[in-house]
2 protein chains.
Amino acid sequence: MNIKKIMTPPVRREDVPAALASLGIAVTAQRIEIGAILLESMQHLSAEQVQARLEADGASASKATVYNTLGLFAKKGLVRELVIDGARVFYDSNPSDHFHFYNVDDGTLFDFPSSPVTLTNLPTPPEGTKLDKVDVIVRVTTK
Amino acid sequence: MNIKKIMTPPVRREDVPAALASLGIAVTAQRIEIGAILLESMQHLSAEQVQARLEADGASASKATVYNTLGLFAKKGLVRELVIDGARVFYDSNPSDHFHFYNVDDGTLFDFPSSPVTLTNLPTPPEGTKLDKVDVIVRVTTK
DNA sequence: GTGGCAGTCTAGACAGAGTCTAAATTGACG
DNA sequence: CGTCAATTTAGACTCTGTCTAGACTGCCAC
């Protein structure tokens, strides 16, 4: 049946190469660094934040590599791209289906608690297209 | 009870000033132009597309005015801001609650057909915050 | 080993959406 | 008509993200 076991955070640094390889991502030094940062815990990081963490860890990668790597990880399903506010994209190290709260006033982003939220009566995709993913963002304001 | 009657597209050009005023938006020449474009029909337009339509109509407004006006309209509830792909923001001239399909391959954006889609078991917003709006975007790819 | 090659990485130029600033214009009201 | 606050403007500016051209890396064949 070949059910692929996807590693979800936290993933130890020494397991990152295997996590990449299992998704068909060629392993390189930069990808290990970036993967280790993202997979350390379930979190939402922007490209800029990832690069700052790289520096803080004494590693580094060019801006182009950070963007390319995050895009590759998202394409391969290691992380999930979140478009929240048009100013930047966030990468969510929890790639499974779940929804988000976004506080419009202070920019904070939370996962929904794992309550059984369901979307019912979802229409079928338009003719000639197939479903990719469903994003649900609940915007809240500070009371 | 003071139930406000919100005008929904199509709104005739001569009714635009009243539509603005009813939402507490000061009426100016530029706002009428931009409002007339948006409210002509239910549609999704980017700031750039609005400005192009202005030119096409022989009117014009500076880039800053277009952005300010669209932001003001969104804040007042005349249109709804849609953050879809991080590259630009769209303004939806149908401000009522409804969800969207987005074709990732060609960038087209559709409303859901008006089937009774419902989100159930939506968790309550985090302590100290209150719900602003819920965005549901179903991303599809060309098969 | 060593030559070649594809894939990856890099610096820095570039692109495009959106914001900011300071000055000019408008229009409401006395 | 004069004043004042709100609005509009041009254009500089910021910021995220992309592109380009060259350098580097690692792996395989010989």
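Small disclaimer: the values here were computed from a predicted structure and weren't measured.
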Length of the NZ-P vector between A:Lys63 and C:dG12, whole Å: 12 Å
Lys/Arg N to Asp/Glu carboxylate O, [X] vs [Y], below 4.0 Å:
X: B:Lys63; Y: B:Glu48; result: no
X: B:Asp97; Y: B:Arg80; result: yes
X: A:Glu40; Y: A:Arg53; result: yes

Joint hydrophobic cluster, B:Val136 plus B:Phe90, side-chain heavy atoms closer than 4.5 Å: no
Side-chain heavy-atom pair B:His100, B:Asp135 within 4.5 angstrom cut-off: no
Span of DNA chain D in contact with chain A (heavy atoms, under 4.0 Å): D:dT16 to D:dC19
Those residues of residues 67-92 of chain A lying under 4.0 Å from DNA chain D by at least one heavy atom: A:Tyr67, A:Ala87, A:Arg88, A:Val89
Strand contacts (DNA chain D) in residues 26-39 of chain B, 4.0 angstrom heavy-atom criterion: B:Ala26, B:Thr28, B:Gln30, B:Arg31
Plane angle bin for B:Phe110 and B:Phe101 - parallel if under 30°, tilted between 30 and 60°, otherwise perpendicular: perpendicular
Residue closer to the 5' end of DNA chain C, A:Ser62 versus B:Ala47 (nearest nucleotide): A:Ser62
Test item: side-chain donor near acceptor, B:Asp111 and B:His44, under 3.5 Å: yes
Atom NZ of B:Lys75 with >12 non-hydrogen neighbours under 6.0 angstrom: no
Residue from A:Ile32, A:Leu38, A:Ile37 passing side-chain contact (heavy atoms from CB on, under 4.5 Å) with A:Ile34: A:Leu38
Smallest separation among heavy atoms of A:Ser93 and A:Ser41, with atom names: OG-O, 2.7 Å
